[in-house]
Amino acid sequence: MAHLQLCSQSAIAVTEEHDRKEIDELIASLPQRKGSVRPFQCLYQNFWFPIFVLPNVITFQRHFEAKHKDIVLASQPKSGTTWLKALVFSVVNRSRFGISDTPLLTSNPHDLVPFFEFQLYGSKLRPNLDGLGEPRLFATHIPYPSLPECIKRSDCRIIYICRNPLDTVVSSWHFFLQKAQLEEQPGWSLEEHFETYCQGTISFGPFWDHMMGYWKVSLEWPSKVLFLKYEDLKEDTIVHLKRVAEFVGLPFTEEEEEAGGIEEIAKMCSLKTLKDLEVNKSGKVALTIEFENRSFFRKGEVGDWVNHLTPSMVDRLNSIIQEKMSPFGLEFKTC
Ligand SMILES: Nc1ncnc2c1ncn2[C@@H]1O[C@H](COP(=O)(O)OS(=O)(=O)O)[C@@H](OP(=O)(O)O)[C@H]1O
C-alpha cells in the first residue's frame with residue numbers, strides 16, 4: 001500500500017515536472033514586452049499577461065474542475081474587485097455570519113475570496129479545492145475567452161465588475177506607483193502608464209476586449225454573467241446588492257429587508273468601514289507578490305480622473321470608448 005502511494009506520488013511529480021517544462025517552453029515562445037510592475041508581459045490568447053502569472057493561468061486552465069454552484073467574480077485590476085469580493089462574500093455567507101462576527105473584520109477580502117491566478121494556482125501549484133464549502137467563491141482578472149471551458153459549460157455563475165476607464169487608469173497608476181515607492185524602486189509617470197493602458201498592453205489588457213468579452217456574454221446569457229458597473233454600485237449599493245443576491249439564487253427575504261439586513265452589508269463593505277479596520281491598515285496579502293492591504297483602499301470616487309488627466313488624455317480615452325465599446329451599448333458614467 002505504502003509502495004503504491006509512493007509510486008503514484010512520484011508519477012504525479014514526473015507529470016508536474018513535464019507540465020512545468022512544457023509551460024516554460026510555451027511562454028518562452030510568446031511575444032513579450034516590457035511591463036510596468038514586473039519586467040515583462042506576454043501576449044497569450046490575445047491578451048497581455050504578467051509573465052510571472054502566466055504559468056499559474058495555464059495550470060488553472062488545464063486543471064481546474066468547476067462545480068455547478070461555483071461563483072466566479074471577474075474584473076480588470078482597479079475596477080472594484082476588492083469591494084465586490086466583500087459584498088458577494090457577505091451576501092453568500094449571511095446565514096453563517098452576522099455583522100458582528102463577519103470574517104471581514106479580521107481578514108482582507110482578497111484572503112476570503114482568492115484569485116485563481118495569484119493565490120490558488122500560485123507557484124504552478126495544483127490545489128485541492130474539493131473540501132471548500134459550497135458555493136465556492138473565486139475571483140479572477142482573466143478575460144472571458146481564456147477561462148477554462150468547464151467554467152463556461154457548467155452552471156457556475158460569473159459576476160463581472162467594470163469601471164469607467166478614466167478612473168481605472170488613474171487608480172492603477174496610483175496603485176503601482178505606491179508599490180514602487182514602498183519598495184524604493186523608481187516609479188514611472190502617469191503619461192507612461194496612460195500610454196500602456198491606451199495601447200492595450202497593460203496587464204490583462206486590452207481593457208476594451210476584456211470588458212467586451214464579459215459584456216457580450218452577459219447580454220446573450222444573462223443567467224451566466226451578471227455585469228455590474230462600479231459607478232452604479234456607488235450610486236445605489238442596495239439595488240445592486242439585491243440583484244447580486246437574486247443572481248446567486250439567495251434573494252433577500254422581506255424580513256431581511258425590513259430588518260435592514262441589506263443596508264448593514266452595504267455599510268460593512270463600504271470603503272470607509274473596510275479602510276478603517278486594523279487588518280486593512282497593517283496587514284499584507286500575497287498575490288504572487290506581496291501587497292499591503294491598505295493599498296487596495298484609496299479614494300473610491302467616481303470622477304477622480306479630473307484631478308490627473310489632461311484634456312487630450314480624456315479625448316483619447318473617450319475616443320477608444322466610442323470606437324470599441326459604445327457601438328455595442330456599453331457606456332460609462334464618468335462623474
Ligand atoms: N469598499 C469599497 N468601496 C468603494 N471603492 C473601493 C472599495 N474598496 C476599494 N475600493 C476602490 O477600488 C479601487 C481598487 O480596485 P480593485 O479592488 O479592483 O483593485 S485590485 O484589482 O483588487 O487590485 C481603488 O480605487 P481608487 O480609490 O480610485 O484608487 C479603491 O479605493
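Atoms within each ligand, like the ligands themselves, are counted from 1 in listed order.
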One finds that the ligand 1 atoms under 4.0 Å from a non-hydrogen atom of K299 are 27 (O), 31 (O)

Note: C269, heavy atoms under 4.0 Å from ligand 1, region reported as backbone

Residue pair N56 / F118, side-chain heavy-atom distance below 4.5 Å: no

Aromatic F252 / basic K242 pairing, under 6.0 angstrom, 45° off normal: no

Notebook entry, point to check: So is E301 polar-close to ligand 1, meaning N/O to N/O under 3.5 Å?
Noted result: no

| message | Can you confirm, on distance only, whether ligand 1 has an N/O atom lying under 3.5 Å from any N/O atom belonging to D167? | response | no

Q | T201 and Q41: CA distance, side-chain angles, deciding distance, side-chain hydrogen bond (donor to acceptor under 3.5 Å, both in side chains) verdict | A | CA-CA 8 Å; T201 50; Q41 309 269 0; over 6 Å; no

Review point. Does a side-chain N-to-carboxylate-O contact under 4.0 Å join D276 and K272?
Key: yes

Q) Centroid-to-centroid, F64 to F138, below 6.0 Å? A) yes

Atoms of ligand 1 under 4.0 Å from any heavy atom of S270, numbered from 1 in the order shown, are 1 (N)

Check your understanding: Any N/O of L274 closer than 3.5 Å to an N/O of ligand 1?
Key -> no

Tell me whether R163 has any N or O atom under 3.5 angstrom from an N or O of ligand 1. yes

Under 4.0 Å between heavy atoms, the region of S75 that gets near ligand 1 turns out to be neither

Is the closest N or O pair between G80 and ligand 1 shorter than 3.5 Å? yes

Among F204, F297, W305, F176, the residue with a heavy atom nearest to atom 8 (N) of ligand 1 is F297

- Message: Both conditions, 6.0 Å and 45 degrees, for the charged tip of K333 above the ring of Y230: are they met here?
- Response: no

Looking only at non-hydrogen atoms, the one of Y230, F175, F118 nearest atom 12 (O) of ligand 1 is Y230

message: With a cutoff of 4.0 Å, is H174 in contact with ligand 1, counting heavy atoms of the residue only?
response: no

The reported gap from CG in L317 to OG in S312 (rounded to nearest 0.5 angstrom) is 10.5 Å

So for H141 against ligand 1, with non-hydrogen atoms under 4.0 Å, the contacting part is side chain

Are any of the N or O atoms of K234 closer than 3.5 Å to those of ligand 1? no

Honestly, for S171 the part within reach of ligand 1 (heavy atoms, under 4.0 Å) is both

So does K324 pair up with D209, basic N to acidic O under 4.0 Å?
no

Test item, K275 contacting ligand 1 (heavy atom, 4.0 angstrom)
no

Result for ring-ring contact (aromatic ring centres under 6.0 Å, His included) between H210 and one of F207, W208, Y214 points to Y214

Worksheet item: Does K78 make a cation-pi contact with F175, if we ask for NZ or CZ under 6.0 Å from the ring centre and within 45° of the axis?
Response: yes

